[in-house]
Amino acid sequence: MTSLQNTECIIVINCGSSSLKFAVFSLEGETVLVKGLAERLGGPDAILKIERDGETTCVAIPEASHHDALQQVTARLTGLNPRGIGHRIVHGGEKFTGSVVINAAVMTAVESCGSLAPLHNPANLIGVRTAQELFPQLPQIAVFDTAFHQSLPPRAYLYAIPLSYYEEMKIRRYGFHGTSHHYILLETARLIGKKPEETSLITMHLGNGCSACAIQNGRSVDSTMGLTPSEGLVMGTRSGDVDPALHQFLQDKTGMRLSEITTMLNSQSGLLGLSGLSNDMRTLADAAANGHQRAQLAIEVFCYRLAKSVCGLIASLDILDALVFTGGIGENSADTRSRVAAHFKILGVRINETNNANHGRQSGRCISANDSRIPCLVVPTNEELMIARETRRLIS
Ligand code: AMP
């Protein structure tokens, strides 16, 4: 602990409606000093888990609010000298093309994007307000999931519906996971020895939420996610793309309300809905290996739909330096990567299964064979570090 005495640091906060995830990075060196998660806030079984100095502490904080939880965290930051706080904000609409220092105008603008992300932005703002109360002297930085995708051209971001919906209500494709895709761009460029602004990639963020992004010369030019994070790939519990007539059809057939159909598509679909077993790829992989047919089917649909979307994204690129896998599934499931790559035979993609099996750890993150026409890499993402870097950049 003495080594941390007065260590300058940056706090990163990712606030959900009943959770608060945080990480504290040293200002220099980018080391994680403290990290943790408060969950089930507002309820009787609210809990705070903190890791510091290699020790994990769990504290019951019944009925604790976000404010209470952050206060508890603050009490455990002894010896640290926070210099700024970075917040993950999901939706920045068309207003934010990069990270910004939060002021009253930014708060109002983020609030006005709330209707585009009703589940996320109001919760993210709770985190900002709480941090402002507890650390009034510190600069607060907003880092948006959508900002990296603000470079999408109109042909990629417009839906083919009457243009007035875009003009009057800003209904368009925004794309999400931008902080992760941006981080992967920077890391991959470093690994392949190119400048980020000269690097063109397809990045696949495969976690509980999944999205793929086409990056041309360092700029996002298309994303599988759209107006909301529901569009695109098959995810843990989200369906991804469905026929736009599905809502009407289901309502007519079953009498389900729109909100019920939306809940089904967001929370009961994807890997969970197809398998009837779990949204967790590890569970499905084990079950599939033991002959569970619906788990096998869910994995097949997941991989095929991803490969199909990637082929669509390739249309937006003039050149492709690499296909990059990231996120919990992308980083850890050699089987998923292998299955996805098998759909790219026509593109001349070939995997080196030995390197794939060890997640590219012994091969500079590369998992493709030497004669693969497109290199394939596994690059671990680090959204918190990206937010810390953005915060450091803006406060300095
Ligand atoms: P994330 O949201 O990035 O934490 O990713 C969560 C997803 O990654 C879940 O579906 C996990 O099952 C999956 N995952 C994590 N580790 C593994 C693993 N070793 N093999 C397969 N999937 C994994």
Side-chain angles (χ1 to χ4, degrees), residues 119 175-177 180-181 184 202-213 223-226 228-247 249-250 253-254 256 259-314 323-347 349 351 353 356-357 359 367 376 378 380-381:
L119 296 179
F176 297 85
H177 289 146
S180 173
H181 292 295
I184 295 301
I202 299 286
T203 50
M204 292 166 272
H205 178 108
L206 311 176
N208 260 321
C210 300
S211 73
C213 175
S223 160
T224 54
M225 283 182 164
T228 74
S230 303
E231 188 177 326
L233 307 178
V234 175
M235 312 183 207
T237 61
R238 284 175 247 165
S239 63
D241 293 342
V242 291
D243 188 321
L246 180 68
H247 277 78
F249 184 86
L250 270 180
K253 278 274 177 202
T254 67
M256 283 167 86
S259 60
E260 291 172 324
I261 298 169
T262 302
T263 301
M264 179 273 286
L265 292 173
N266 275 325
S267 313
Q268 296 150 19
S269 297
L271 292 173
L272 172 66
L274 283 167
S275 69
L277 183 67
S278 172
N279 62 327
D280 192 298
M281 187 57 99
R282 270 167 303 200
T283 309
L284 296 186
D286 290 347
N290 288 319
H292 192 293
Q293 289 189 354
R294 281 181 63 178
Q296 291 165 356
L297 184 68
I299 293 170
E300 241 177 75
V301 176
F302 179 92
C303 295
Y304 172 67
R305 283 270 302 274
L306 167 61
K308 187 167 129 176
S309 293
V310 167
C311 289
L313 289 176
I314 287 175
L323 296 164
V324 192
F325 292 88
T326 195
I329 299 171
E331 291 166 30
N332 298 301
S333 173
D335 179 60
T336 301
R337 295 190 298 257
S338 195
R339 283 168 183 271
V340 173
H343 291 294
F344 298 143
K345 278 198 203 90
I346 203 162
L347 300 174
V349 169
I351 294 293
E353 287 303 345
N356 188 34
H359 313 297
I367 57 162
C376 301
V378 178
T381 195

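Index from 1, following the sequence. Predicted model only: the values in this text are computed from it and were never measured. Side chains are part of it too, since the values below use all heavy atoms of this structure and drop only hydrogens, waters and symmetry mates.
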Between [X] and [Y], is any pair of side-chain heavy atoms under 4.5 Å apart?
{"X": "C376", "Y": "F344", "answer": "no"}
{"X": "H177", "Y": "C213", "answer": "no"}
{"X": "H343", "Y": "K308", "answer": "no"}
{"X": "T224", "Y": "L306", "answer": "no"}
{"X": "S230", "Y": "N266", "answer": "yes"}
{"X": "I314", "Y": "I202", "answer": "yes"}
{"X": "I329", "Y": "F302", "answer": "yes"}

Looking at [X] and [Y], what are the two nearest heavy atoms and their distance?
{"X": "A298", "Y": "L271", "answer": "O-CD2, 3.8 Å"}
{"X": "S211", "Y": "F176", "answer": "OG-O, 3.9 Å"}
{"X": "I184", "Y": "P380", "answer": "CD1-O, 3.9 Å"}
{"X": "A295", "Y": "S275", "answer": "CA-CB, 4.1 Å"}
{"X": "H247", "Y": "L265", "answer": "CE1-CD1, 3.5 Å"}
{"X": "V310", "Y": "L323", "answer": "CG1-CD2, 3.9 Å"}

When rounded to the nearest 0.5 angstrom, what is the spacing between [atom1] in [X] and [atom2] in [Y]?
{"X": "L347", "Y": "K345", "atom1": "CG", "atom2": "NZ", "answer": "11.5 Å"}
{"X": "T228", "Y": "L119", "atom1": "OG1", "atom2": "CG", "answer": "9.0 Å"}
{"X": "L284", "Y": "S333", "atom1": "CG", "atom2": "OG", "answer": "10.0 Å"}
{"X": "M264", "Y": "L250", "atom1": "CE", "atom2": "CG", "answer": "5.0 Å"}
{"X": "N208", "Y": "M235", "atom1": "CG", "atom2": "CE", "answer": "10.5 Å"}
{"X": "C210", "Y": "R305", "atom1": "SG", "atom2": "CZ", "answer": "11.0 Å"}

Give a yes or no answer on whether the side chain of [X] reaches the backbone of [Y] with a donor-acceptor pair at less than 3.5 Å.
{"X": "Q268", "Y": "T263", "result": "no"}
{"X": "T326", "Y": "T381", "result": "yes"}
{"X": "R337", "Y": "N356", "result": "yes"}

NZ/NE/NH1/NH2 to OD/OE distance under 4.0 Å, R282 and D286
no

Could you give the side-chain donor-acceptor pairs of residues 238-246 under 3.5 Å, partners two or more places apart or in another chain?
{"residue": "R238", "atom": "NH1", "partner": "P229", "partner atom": "O", "Å": "2.8"}
{"residue": "D241", "atom": "OD1", "partner": "G232", "partner atom": "N", "Å": "2.7"}
{"residue": "D243", "atom": "OD1", "partner": "A245", "partner atom": "N", "Å": "2.7"}

Go through it in stages, so that I can follow the logic: the residues are H359 and E331, the test is side chain to side chain contact (heavy atoms under 4.5 Å, CB included), and I'd like the CA-CA distance, side-chain angles, deciding distance and then a yes or no.
CA-CA 7 Å; H359 313 297; E331 291 166 30; over 6 Å; no

